[in-house]
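Note that ligands are numbered from 1 as they come in the structure, with each ligand's atoms numbered from 1 the same way.
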Amino acid sequence: MTLIAGNWKMFKGPVEAGTFCRALREADLPDDVDVVVCPPFVSLAESVQALAGTEIGVFAQNCHWENEGAFTGEVSAAMLQELGVYGTLVGHSERRQYFGETDETVGKRVRAALDAGLHVIACVGETEAEREAGETDDVLRRQLSVLEPDDNLVVAYEPVWAIGTGKTATPEIARAAHETIKAVLDVPVLYGGSVKPDNAAELMAHHAIDGALVGGASLDVDSFAAICRASRS
Ligand code: PEP
């Protein structure tokens with residue numbers, strides 16, 4: 001089964017999220033693609049409500065490893081579950097780049113979320129400098145070293161140089177990275193980095209690519225639904 005997840009980043013408050021999700025319910029989505037949206041924390045409740053009774057999953061964008069405590073600004077897996085949230089992203093490169101996320105904290109967040117029963121999309125990927133230095137495989141192996149196989153775990157390969165830049169990895173680059181990841185961890189692997197309706201089919205064609213994590217192009221219902229349709233197996 002192919003999985004297409006839309007990462008909204010810090011876009012769409014509750015009102016806009018509700019409007020989007022009600023439109024997504026009516027959109028032409030293929031039956032053989034699992035569809036997930038990842039709204040900001042404040043829009044999760046509205047999104048869960050607007051998508052109730054559908055197969056479309058709602059994921060958070062992060063989750064803390066403790067159940068509760070003095071961790072200002074953080075949200076726990078138990079709190080997400082109370083809202084009816086199905087899973088969470090962890091370790092997005094923007095969290096690693098701008099908010100001090102490390103491999104160690106990613107490992108703790110993933111473990112706690114899985115233990116609580118959430119599904120997890122854990123993000124890995126090299127920077128442009130790391131790729132140019134020939135370090136891609138080492139970086140991926142290091143980032144994966146904190147993860148263990150789990151039925152509810154999916155990895156997203158997101159080369160940092162391709163996120164929000166319009167530069168997409170060639171299918172060959174994506175395939176090679178996905179095979180490296182799958183050799184370390186036997187879980188489904190999504191590709192992320194400037195996926196659009198017109199490049200989704202080519203990227204999804206390879207059997208090592210199990211779906212996509214989509215940023216910018218997931219913010220518009222028509223473009224997100226078009227990516228889901230282009231990705232059907
Ligand atoms: C992302 O944020 O996970 C992402 C892949 O963004 P974009 O599709 O905009 O490159």
Side-chain angles (χ1 to χ4, degrees), residues 2-12 16-17 20 24 33-41 43-44 47 56-63 86-99 101 106 109-110 113 119-128 130-131 136 139-140 143-144 147 153-171 173-175 177-178 181 187-204 206 208-231:
T2 301
L3 169 62
I4 303 296
N7 172 20
W8 296 358
K9 313 192 184 201
M10 199 173 72
F11 291 96
K12 299 192 192 297
E16 210 181 324
F20 181 101
L24 191 61
V33 173
D34 284 329
V35 179
V36 156
V37 291
C38 312
F41 285 129
S43 303
L44 288 170
S47 302
I56 303 168
V58 177
F59 275 44
Q61 297 175 13
N62 198 8
C63 157
Y86 191 70
T88 185
L89 300 179
V90 176
H92 191 277
S93 65
E94 287 152 14
R95 304 251 14 122
R96 295 177 190 261
Q97 267 184 301
Y98 308 134
F99 302 102
E101 197 76 70
V106 169
R109 291 181 197 276
V110 169
H119 288 242
V120 172
I121 300 174
C123 306
V124 298
E126 80 288 0
T127 63
E128 190 151 38
E130 288 164 341
R131 172 159 288 275
T136 299
V139 169
L140 295 178
Q143 293 174 334
L144 293 167
L147 306 177
L153 176 64
V154 169
V155 166
Y157 168 60
E158 298 210 301
V160 177
W161 46 271
I163 296 181
T165 58
K167 284 192 212 169
T168 314
T170 60
I173 288 177
R175 184 195 57 73
H178 282 227
I181 293 167
V187 296
V189 183
L190 313 182
Y191 168 75
S194 299
V195 174
K196 309 274 182 251
D198 59 2
N199 61 19
E202 192 189 7
L203 284 160
M204 297 308 124
H206 196 275
I209 302 182
D210 300 304
L213 181 55
V214 185
S218 74
L219 294 172
D220 174 80
V221 175
D222 293 339
S223 118
F224 187 53
I227 290 171
C228 295
R229 288 193 298 276
S231 303

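- At least one donor-acceptor pair under 3.5 Å links the side chain of Q61 to the backbone N or O of K9.
- Of the heavy atoms in I163, both backbone and side-chain atoms come closer than 4.0 Å to ligand 1.
- When non-hydrogen atoms are compared, ligand 1 lies under 4.0 Å from neither the backbone nor the side chain of S218.
- In terms of polar-atom proximity, G193 is not counted as a contact of ligand 1, lacking any N or O under 3.5 Å from an N or O of the ligand.
- In this structure, the side chain of Q143 engages the main chain of G125 through a donor-acceptor pair within 3.5 Å.
- Using a 4.5 Å cut-off on side-chain heavy atoms (C-beta onward), V106 and R96 make contact.
- In terms of modelled atom types and a separation under 3.5 Å, the side chain of S43 and the main chain of K12 share a donor-acceptor contact.
- Between S194 and ligand 1 there is a heavy-atom distance shorter than 4.0 Å.
- Listed by first then second residue, pairs satisfying salt bridge (Lys or Arg N to Asp or Glu O under 4.0 Å) with a partner in residues 154-169 read E128-K167, not counting sequence neighbours.
- Protein heavy atom nearest atom 3 (O) of ligand 1, with residue, atom name and distance: E158 OE2, 2.7 Å.
- For ligand 1, the atoms sitting less than 4.0 Å from at least one non-hydrogen atom of G164 are 7 (P), 9 (O), 10 (O), numbered in the order shown with element in parentheses.
- Near A162, meaning under 4.0 Å from any of its heavy atoms, are these atoms of ligand 1: 10 (O).
- Considering backbone and side-chain N/O of A217, none are found under 3.5 Å from N/O of ligand 1.
- By the 4.5 Å heavy-atom criterion applied to side chains, T136 and I173 are not counted as neighbours.
- Nearest to atom 9 (O) of ligand 1 among the protein's heavy atoms is G216 N, 2.8 Å.
- For a threshold of 3.5 Å applied to N or O pairs, the pair formed by N7 and ligand 1 contains at least one separation below that value.
- Looking at L213 next to ligand 1, no N or O pair under 3.5 Å apart turns up.
- Taking the six-membered ring for Trp and thresholds of 30 and 60 degrees, Y86 and H119 have nearly parallel ring planes, at less than 30 degrees apart.
- By the 4.5 Å heavy-atom criterion applied to side chains, P188 and L3 are not counted as neighbours.
- Shortest contact from atom 4 (C) of ligand 1 to any protein heavy atom: G215 N, 3.6 Å.
- Counting only heavy atoms of the protein, atom 1 (C) of ligand 1 lies nearest to H92 NE2, 3.3 Å.
- The aromatic rings of F20 and W8 stand perpendicular to each other, their planes meeting at an angle above 60°, with 30° marking the opposite boundary.
- In this structure, A212 has no heavy atom closer than 4.0 Å to ligand 1.
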